[in-house]
Amino acid sequence: MSRKIVVTSALPYSNGPIHIGHLVEYLQTDIWVRFQKICGNQCFYFCADDTHGTPIMISARDKNIEPEKLIDQVHKEHKADFDNFFIEFDNYYSTHSPENKQFSQEIYKRLKQAGSIVKKNIEQTYCENCNMFLPDRFVRGICPKCKADDQYGDSCDKCGGTYHPTDLIESHCSVCGNTPSLKKSDHLFFKLADYTPQLKELIASGYTQQSMSNKLKEWFDSGLKDWDISRDGPYFGFEIPGEENKFFYVWLDAPIGYMASVKNYCDNNGLDFEKLWNSDEYELYHFIGKDIMYFHALFFPAMLIGSGYKTADKLFVHGFLTVNGEKMSKSKGTFIKASTYLNHLNPEYLRYYYASKLTGGVEDLDLSVEDFINKTNSNLVGKFANLASRSGPMLKKKLDGKTGALNQAGKKLIEKLASAKEEIIKDYENLNYASAVRLIVSLADDANKYIEENEPWKTVKEDLEKTRTTLTAAINAVKILTIYLKPILPEYAGKVEEFLNVEPLTFDDVEKTLENHTINKFKRLINRVEREQVDAMIEESKQDQAQQPPTKEEKPQLPIEPIAQECTIDDFIKADLRIAKVIEVGPVEGADKLLALKLDIGGIEKNVFAGIAKAYKPEELIGKLVVCVANLKPRKMKFGISEGMILAAGPGGKDIFMLSVDQGATPGQRIK
RNA sequence: GCCAGGGUAGCUCAGUUGGUUAGAGCACAGGAUUCAUAAACCUGAGGUCGUGAGUUCAAAUCUCACCCCUGGUACCA
């Protein structure tokens with residue numbers, strides 16, 4: 001009996017282009033959906049753009065256009081990228097849609113009715129100049145913990161510390177540079193903790209992979225917190241019913257966007273939304289990256305439970321993409337946009353490469369450029385395409401393109417290929433595409449070996465019918481392998497179908513042999529990758545980096561930290577800066593960023609803890625002259641009392657640079 | 001430091017509930033071949049499965065300790 005399935009991928013944010021990291025998810029999902037369809041199951045694939053929030057609003061303002069216009073443009077770009085990668089959505093919609101507004105407001109009302117919404121008065125950073133509340137990442141300043149410059153309001157990139165935007169030193173609005181003030185406002189909170197038992201039950205039922213359940217357990221153990229779901233205007237989003245100038249936080253309506261996309265599709269195609277989304281008749285799966293687990297494993301299901309909708313059957317969580325073993329990097333040219341990739345390379349190379357490495361686990365997936373080229377040329381071209389290319393043309397030219405019947409050996413080969421079907425189906429179903437690909441490649445090896453052994457290029461000179469028999473097996477092998485690869489390589493499969501002169505192939509066709517069948521003229525199926533093409537793509541990505549607009553993850557960058565408020569010489573002189581000699585240095589037990597220093601300031605000794613352990617080794621500091629704030633109020637720390645501070649510049653981590661002192665200065669001398 | 005997840009051939013990765021001599025692809029060396037997109041085919045070399053101990057007739061697999069990497073979190077006046 002055929003299954004009925006609804007599938008979603010996470011919604012890409014409307015503030016940036018699709019890149020090859022995004023594509024891991026969309027390709028993983030698309031392959032799965034195509035697989036289901038080829039198996040004869042009914043499977044719908046839904047997605048949409050995630051269009052709301054402050055970054056979109058600001059971005060539109062920068063471009064001097066309405067947000068609606070911006071998200072419209074981006075929607076077209078995203079859709080084009082997906083189309084070009086053969087990612088086949090049944091509906092690619094938008095969260096800025098009437099359906100989404102209706103669902104969001106309705107779900108909110110039901111949650112409110114259920115007593116799951118509370119109002120709290122909270123104080124928040126506000127920019128008087130921009131007339132808006134600033135989300136944490138739009139407040140920037142010096143990290144209060146490690147003093148790294150230009151950090152976000154919620155956490156520091158350098159030391160990893162978390163804090164509140166109000167803790168930042170010299171904080172400023174990242175839009176206009178003004179110092180933000182504090183303003184109180186009512187916010188609405190969703191009482192997530194109320195749903196702890198149901199959520200625990202959901203996770204226990206196998207909602208996610210095991211390693212993700214472990215992660216969730218940590219969150220449960222530390223207790224679920226109320227979730228702030230409202231934002232004050234101006235905010236690009238949906239108004240909250242019954243409130244004045246309040247909008248839903250973008251992450252509230254984003255997952256609801258799945259529902260909106262389904263609803264929109266149902267209305268346009270005469271289908272019943274309640275059946276597709278909310279009944280047992282359809283299985284429901286969400287594909288997501290591990291970074292948005294919190295939303296999909298906690299907030300969203302809790303909201304659904306609270307408002308009377310069913311939750312998904314499973315969450316398929318995948319890891320991130322690394323390139324050559326590292327995070328994607330703009331300066332190294334490995335932050336590759338989908339459109340840049342397409343300027344140089346065939347999308348099916350990437351589909352095949354990802355498939356050959358996806359296992360259904362949450363581990364990160366590495367795109368090694370070397371491996372990518374090798375795998376493409378060796379497998380795709382050398383094994384699959386070559387199998388067709390060494391059999392089709394000969395059959396066409398020498399034997400009128402007509403297959404004959406299989407002999408014993410041919411049958412044996414074809415039966416072997418066909419008998420792998422169940423295992424391949426199982427691998428696809430379990431998202432273990434890597435395993436499926438390994439198996440398919442080994443079958444291609446068998447087929448190539450078969451041709452080798454039967455030497456049709458020799459028999460063609462003396463025994464045409466024997467040659468026909470050999471090539472009949474080869475052609476049938478091509479057909480079966482193509483079916484197996486079709487979820488991964490839809491365009492390639494289409495070309496093979498045309499050349500084999502058959503209707504679109506499905507898994508049902510595996511057992512049907514092509515005997516006494518006339519094929520069409522062979523056309524080249526796929527080209528080899530040249531290293532130059534890949535190099536050119538990386539080069540273009542490097543050049544691209546300057547113009548690339550900030551995406552949701554890529555936060556806006558300021559060139560330098562703004563100059564602080566004016567001060568007088570009297571203010572400056574309050575800080576008593578002295579030349580100090582480092583006389584002892586040691587690590588601090590239990591802290592990997594701290595060094596304990598003993599300083600000689602002209603006969604006076606001071607103990608100072610400095611957060612420079614990642615940048616300096618104790619032995620290189622001994623005897624060094626440094627600049628120290630000598631009259632800093634001693635501070636009690638977890639590890640002891642710090643009686644001063646050493647001056648240094650840099651963002652933090654390994655990039656910390658201490659001020660050095662020119663020859664001649666002696667410990668204790670004052671700096672002025 | 002704490003919590004996860006990893007560590008298998010030069011590179012990218014498989015290894016099912018513990019079960020013969022630990023596998024594949026690529027890269028490498030040699031051979032044979034030429035139908036095919038310098039493709040395919042045969043042979044070979046390459047591993048103390050992070051380290052050390054333990055359980056067992058048997059450990060890459062289970063237990064413990066330690067080392068290293070990644071992510072999260074903490075200290076960082």
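So you know, we letter chains A, B, ... as the sequences are listed, proteins then strands, and number each from 1.
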Task: Contact under 4.0 Å: S378(A) side-chain N or O vs rC26(B) OP1/OP2 - done: yes
TODO: Write down the distance separating the C1' atoms in rA22(B) and rU16(B), rounded off to the nearest Å.
DONE: 15 Å
Open item on the list: Using atom C1' in both nucleotides, what's the gap between rC67(B) and rA53(B) to the nearest angstrom?
Closed with: 15 Å
Task: C1' gap between rA32(B) and rU70(B), integer Å - done: 46 Å
Task: Near-ring test Y294(A)/W219(A), centroid separation under 6.0 angstrom - done: yes
Task: Residue matched to rC41(B) through Watson-Crick or wobble contacts both under 3.5 angstrom - done: rG31(B)
- [ ] Using the P atom as the reference point in each nucleotide, state the distance between rC57(B) and rG18(B) in Å, no decimals.
- [x] 15 Å
- [ ] Could you give the distance separating rG46(B) and rU61(B) at their P atoms, to the nearest angstrom?
- [x] 24 Å
Task: Same-atom distance (P) from rG71(B) to rC13(B), integer angstrom - done: 16 Å
Open item on the list: Rounding to an integer number of angstrom, what distance separates rC69(B) and rU33(B) when you compare their C1' atoms?
Closed with: 46 Å
Task: Closest non-hydrogen atom pair, M328(A) against V323(A) - done: CG-CG2, 3.9 Å
Task: Interatomic spacing from CG in N454(A) to NZ in K466(A) - rounded to 0.5 Å - done: 6.5 Å
